[in-house]
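Okay, so here's the structure we're looking at.
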Amino acid sequence: GFLDYLISTRKQKMDKEGTTFFFYGEFTEIPIAEEDFWTLLGNLLDNAQEAAALCEPGRRWVRLEFGSINDMFQLRVENASSRLPIVKNGRFSSTKPGFGHGWGTENIRSIVEKYGGILRQAYTEQDFQTEIVFVEENKKRQQYGLVP
């Protein structure tokens with residue numbers, strides 16, 4: 001229910017901005033706590049949508065893929081971009097004005113680290129890619145207090 005809501009609300013926003021949204025998801029058991037997954041996915045989609053919206057019309061797109069392969073849960077978000085991100089001290093820095101922005105990327109990093117996942121990010125001036133991999137066993141370890 002909530003996954004459908006999260007994806008459909010982000011898609012509606014992208015449709016209004018003229019951003020093409022590609023989605024492929026094989027829904028299986030999520031190997032981390034649900035509230036952490038929603039926070040992770042919400043931040044990833046928000047960041048991707050905001051970056052794509054800054055591109056010229058006709059070049060705005062976001063792609064979301066997730067599913068399980070060989071006891072690994074993989075989540076991939078890619079988006080169009082109009083510039084290179086700002087990186088300071090190995091961390092992405094927000095270009096949004098005001099206080100309180102830029103916490104999304106830290107939330108993503110924190111959740112991935114919490115569950116012993118792998119976070120890969122790559123970018124050019126034209127696109128940004130984030131791939132996250134969790135071993136499904138991590139959810140069981142978390143339930144028994146073996147993963148912080």
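Judged as a side-chain contact (heavy atoms from CB on, under 4.5 Å), and not counting sequence neighbours, the contacts of Ala51 are Asn79. Contacts of Asp127 classified as side chain to side chain donor-acceptor pair (under 3.5 Å), with partners at least two apart in sequence or in another chain: Thr124, Gln129. Partners of Glu131 according to the salt bridge (charged side-chain N to carboxylate O under 4.0 Å, His left out) rule, which considers only residues two or more places apart in sequence or in another chain, are Arg76, Arg120. Among residues two or more places apart in sequence or in another chain, the side chain to side chain donor-acceptor pair (under 3.5 Å) test is passed with Glu17 by Gln49. A search for side chain to side chain donor-acceptor pair (under 3.5 Å) contacts involving Glu35 returns nothing, not counting sequence neighbours. Considering only residues two or more places apart in sequence or on other chains, Arg10 meets the salt bridge (charged side-chain N to carboxylate O under 4.0 Å, His left out) condition with Asp46.
The closest donor-acceptor contact from the side chain of Arg59 to the backbone of Ala52 lies at 3.5 Å or more, if one exists at all. Judged purely by atom type and a 3.5 angstrom limit, Arg60 uses its side chain to pair as donor or acceptor with the backbone of Cys55. For Ser8 (side chain) and Asp4 (main-chain N/O), a donor-acceptor pair under 3.5 Å exists by modelled atom type.
Using the six-membered ring where Trp is involved, Phe21 and Phe23 have ring planes that are parallel, under 30° apart on the 30 and 60° scheme.
A distance of 7.0 Å separates CG of Leu45 from CD1 of Ile7, quoted to the nearest 0.5 Å. Taking NZ of Lys11 as the start and OG1 of Thr9 as the end, the distance is 11.5 Å to the nearest 0.5 Å. To the nearest 0.5 Å, atoms CD1 (Ile108) and CG (Asn43) are separated by 5.0 Å. In this structure, the separation between CG on Leu44 and OG1 on Thr39 is 10.5 Å, given to the nearest 0.5 Å.
With contacts defined as side-chain heavy-atom distances shorter than 4.5 Å, the pair Asn47/Val77 does not qualify. No side-chain heavy atom of Ile30 sits less than 4.5 Å from a side-chain heavy atom of Leu3. Taking the side chain as every heavy atom from C-beta outward, Val62 and Leu64 never approach each other to under 4.5 Å. Looking only at side-chain heavy atoms (C-beta outward), Phe37 and Leu6 stay at 4.5 Å or farther from each other.
Taking every heavy atom of both residues into account, Phe128 and Ser81 meet most closely at N-CB, 4.5 Å. In this structure, Phe134 and Gly117 approach most closely via the heavy-atom pair CD2-CA, 3.8 Å. When all heavy atoms of Phe22 and Thr20 are compared, the closest pair comes out as CZ-CG2, 3.6 Å.
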Verdict with reasoning, Trp61 to Glu78, per side-chain contact (heavy atoms from CB on, under 4.5 Å): CA-CA 8 Å; Trp61 58 270; Glu78 300 176 62; 3.7 Å; yes
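Note on Tyr5: it clusters hydrophobically with Trp38, by side-chain heavy-atom contacts below 4.5 Å among ILVMFWY residues.
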